[in-house]
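I have placed the structure first, in the form of structure tokens, so that the comments after it can refer back to it.
So that the names make sense, note that chain A is the first sequence line, chain B the second, and so on, each numbered from 1. Values below: every heavy atom of this structure, side chains too, minus hydrogens, waters and symmetry copies. Computed from a predicted model, the values in this text were never measured in an experiment.
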There are 2 protein chains.
Amino acid sequence: MPDRKTALLDSAERAARSRGFDGFSYADMARDVGIRTASIHYHFPSKADLSAALMSRYHESFAEICAQIDARHGTASARLIALIDCYRLAHGDAQRVCLCVAFSISRESLSTQVAGQLGAFRTMMRDWIEAVFRLAQTDGTIADVADPAAEAAATLALLEGAQLSARAENAPARFDDALRSMLSRAS
Amino acid sequence: MPDRKTALLDSAERAARSRGFDGFSYADMARDVGIRTASIHYHFPSKADLSAALMSRYHESFAEICAQIDARHGTASARLIALIDCYRLAHGDAQRVCLCVAFSISRESLSTQVAGQLGAFRTMMRDWIEAVFRLAQTDGTIADVADPAAEAAATLALLEGAQLSARAENAPARFDDALRSMLSRAS
DNA sequence: GTCTATAAGAGGATAGAC
DNA sequence: GTCTATCCTCTTATAGAC
């Protein structure tokens, strides 16, 4: 039984990730949660406030996920596979993309604060992935790692691009098609 | 001196690729081209018509580009590098993404016709890239090609994800960061 | 082909009652 | 906290004059 504010964030996140930042409205959320649009402004005065709260929660959530992966998995390959599983699960059979992807295209519609949060999220993820590839150079569980920073940038782009591909074609299998080569390096 | 219809398509494409499908309006195009919004409806009765024309032109344009790459470059690595160069150029220092990327996120806002065109474009590109990787298995100019279909899906996702990364962070270098590992396989 | 005028609706947002 | 009522702006689209 989440409180109303959480229910609103959940609704907004679902909508943003399936229709983009410019593709959902307070009216959608109101219908979804069962209150009037005016009431939403009590919790989130403006859409900029709402999206900042959305990004903030998303950032914390992924920081937690990465920490848990580190705690549960000791090898680079296991950590990479766990992250890929997480992205696959999150995009729910091609129905949603990562919030980061959803906001990236609408960058010009975002407040400067949210644009900053978007950059911070991407930096966090890239740094974490880079650490995984650096570990791989030591433990040898991922093949042919020459440049961990480049691998990290490529992996983040690949994960997001794979979600986008699957979403564009409404074909969940596209996600796994795009990740197949990367997964084969990690086994 | 392009005709007005072409000028409108150019304006719409620029806008869609920098702000997304839901992020541009007839008013923007009218300001851009120097006519009134009502006049645009003479050329494109609805936004669905406009976006169909946009996708159609985009599809033909890339089919032509791929054909020219085939004509000019004989090796798999040269063809792959040429495609990457084309995507880098097209995204103009992180200012724009591919039309396909721009439309993918707003998939639910698109007419069924345009959604179909989106799928057809992606299939064309994936097939062409797959042929490049099949050639690589013969001419050996790209390292470690095990599964051309998987490589094609990954490459398309990587190219689009790289554009998205650069756009999200307003950092042109992100595109090359993400492509570095792939380029090092092709040299 | 392009214009003015206008419709009809959706969007974000506020004021004030309860 | 939530409501009704309301505002203003933007958006797509149409009618009809020129």
Side-chain angles (χ1 to χ4, degrees), chain A residues 1-56 99 102-103 105-115 117, chain B residues 1-55 99 102-103 105-115:
Chain A
M1 55 191 72
D3 63 18
R4 188 129 285 179
K5 199 163 181 171
T6 306
L8 287 167
L9 283 173
D10 290 344
S11 169
E13 184 177 321
R14 239 176 296 128
R17 289 173 53 192
S18 67
R19 295 193 293 277
F21 177 81
D22 292 312
F24 81 99
S25 67
Y26 275 40
D28 297 324
M29 297 166 60
R31 211 174 302 117
D32 206 17
V33 169
I35 59 175
R36 300 294 180 150
T37 61
S39 310
I40 302 178
H41 286 278
Y42 168 79
H43 298 283
F44 304 100
S46 74
K47 209 177 172 183
D49 296 313
L50 171 64
S51 37
L54 234 35
M55 270 309 298
S56 169
L99 189 64
F103 277 13
I105 289 189
S106 310
R107 199 183 158 278
E108 293 194 9
S109 307
L110 305 177
S111 69
T112 53
Q113 188 199 354
V114 176
Q117 289 176 289
Chain B
M1 53 192 72
D3 61 17
R4 188 130 281 176
K5 198 162 183 172
T6 305
L8 287 167
L9 283 173
D10 291 343
S11 169
E13 185 178 317
R14 238 175 297 128
R17 289 173 52 190
S18 68
R19 295 193 292 277
F21 177 82
D22 292 313
F24 81 98
S25 69
Y26 274 40
D28 297 323
M29 297 167 61
R31 210 174 304 115
D32 208 14
V33 169
I35 58 175
R36 300 295 182 149
T37 60
S39 310
I40 303 178
H41 287 277
Y42 168 80
H43 299 284
F44 304 102
S46 74
K47 208 176 173 181
D49 296 312
L50 171 64
S51 38
L54 234 35
M55 271 309 298
L99 189 65
F103 277 13
I105 288 188
S106 309
R107 200 184 156 277
E108 292 193 10
S109 306
L110 304 178
S111 68
T112 53
Q113 188 199 353
V114 176

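The structure places CG of B:D3 at 9.0 Å from CG of B:L8, a figure rounded to the nearest 0.5 Å. One distance of note links CD of A:Q113 with CG of A:D49; it measures 8.0 Å at 0.5 Å rounding. Atom CE in B:M29 sits 7.0 Å away from atom CG in B:L9 (nearest 0.5 Å).
Between the CD1 atom of A:I40 and the C1' atom of C:dG11 there is a distance of 12 Å, rounded to whole Å.
Sorted by residue number, the list of members of residues 8-18 of chain B with any non-hydrogen atom under 4.0 Å from DNA chain D is empty.
The shortest side-chain heavy-atom distance between A:I40 and A:H43 does not fall under the 4.5 Å cut-off. When side chains are defined from C-beta on, B:F24 does not count as touching B:R17, because their heavy atoms never get closer than 4.5 Å.
A side-chain donor-acceptor contact under 3.5 Å links A:Y26 to the backbone of A:S46. Under the 3.5 Å distance criterion, the side-chain polar atoms of A:E13 are left unmatched by any main-chain donor or acceptor of A:L99. A donor-acceptor contact shorter than 3.5 Å links the side chain of B:S51 to the backbone of B:K47.
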Under 3.5 Å between N/O atoms: give me all the protein pairs with nucleotides 16-18 of chain C, atom names plus distance.
none

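Ring orientation note: the planes of A:F21 and A:F103 are nearly perpendicular, at an angle over 60° on the 30°/60° scale.
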Practice task
Sugar-phosphate atoms are those with a prime plus P, OP1 and OP2; base atoms are the rest. Using that split, label each nucleotide of nucleotides 3-14 of chain D B, S or - for protein heavy atoms under 4.0 Å, 5' to 3'.
Solution key: BBB-----SSBB
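Residues B:V33 and B:A7 come closest through the heavy atom pair CG2-O, 3.8 Å.
Counting only residues at least two apart or in different chains, salt bridge (Lys or Arg N to Asp or Glu O under 4.0 Å) contacts with residues 25-46 of chain A comprise A:R14-A:D32, A:R19-A:D28, A:D28-A:R31.
For B:A38, the side-chain contact (heavy atoms from CB on, under 4.5 Å) test picks out no residue, with sequence neighbours left out.
The side-chain tip of A:K5 does not point at the ring of A:Y42 from less than 6.0 angstrom away and within 45° of straight on.
Rounded to 10°, the angle separating the first-five-pair axis and the last-five-pair axis of the helix from C:dG1-D:dC18 to C:dC18-D:dG1 equals 0°.
An OP1 or OP2 oxygen of D:dG1 is reached within less than 4.0 angstrom by a side-chain nitrogen or oxygen of A:Y42.
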